[in-house]
Amino acid sequence: MEKCDSRTRAYKNGKTFDQCMDIAKTLSSELEVKIEQTGQVGWDSILENAGHDELVYKLTLKYLRQDGYDIGNWKRPHVTKTIV
């Protein structure tokens, strides 16, 4: 019986899920610096930095949320630092 293995399945441009995760982690750390400097980053900017790769884009937003950033919503499509 064949089974899907997320570690070897090729996504956009032949990247595996693990490669997409690594790219997203790197991208999120770069964007954290930009958010600290400018106060916010728009979703469209994140999508462009992700090379219009939907999986990398979504993982980047996930990692930013995990690091304590407010990723916004459909009314406010930008990422800001969470004020505590």
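The residues of the chain are indexed from 1 along the displayed sequence.
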Measure the CD-NZ distance between E32 and K81 for me, rounded to the nearest 0.5 Å. 9.5 Å
Euclidean distance, H78 NE2 relative to S45 OG, rounded to 0.5 Å: 12.5 Å
For the residue pair [X] and [Y], establish whether any side-chain heavy-atom pair is separated by less than 4.5 Å.
| X | Y | result |
| --- | --- | --- |
| L55 | M21 | no |
| L59 | C20 | yes |
| N49 | E30 | no |

Apart from W43 itself, residues in the same hydrophobic cluster as defined by side-chain heavy atoms under 4.5 Å: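 Direct or chained contacts put W43 with I23, L27, L31, I35, V41, I46, L47, V56, Y57, L61, L64, Y69, I71, V79.
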Is the backbone of G68 close enough, under 3.5 Å, to the side chain of T82 for a donor and an acceptor to pair up by distance? yes
Has the side chain of Q37 got a donor or acceptor atom that lies under 3.5 Å from a matching backbone atom of K34?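 Side chain of Q37 to backbone of K34: no pair is present.
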Charged N-O contact under 4.0 Å between R76 and D70: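 Counted as a salt bridge, because a side-chain N and a carboxylate O are separated by less than 4.0 Å.
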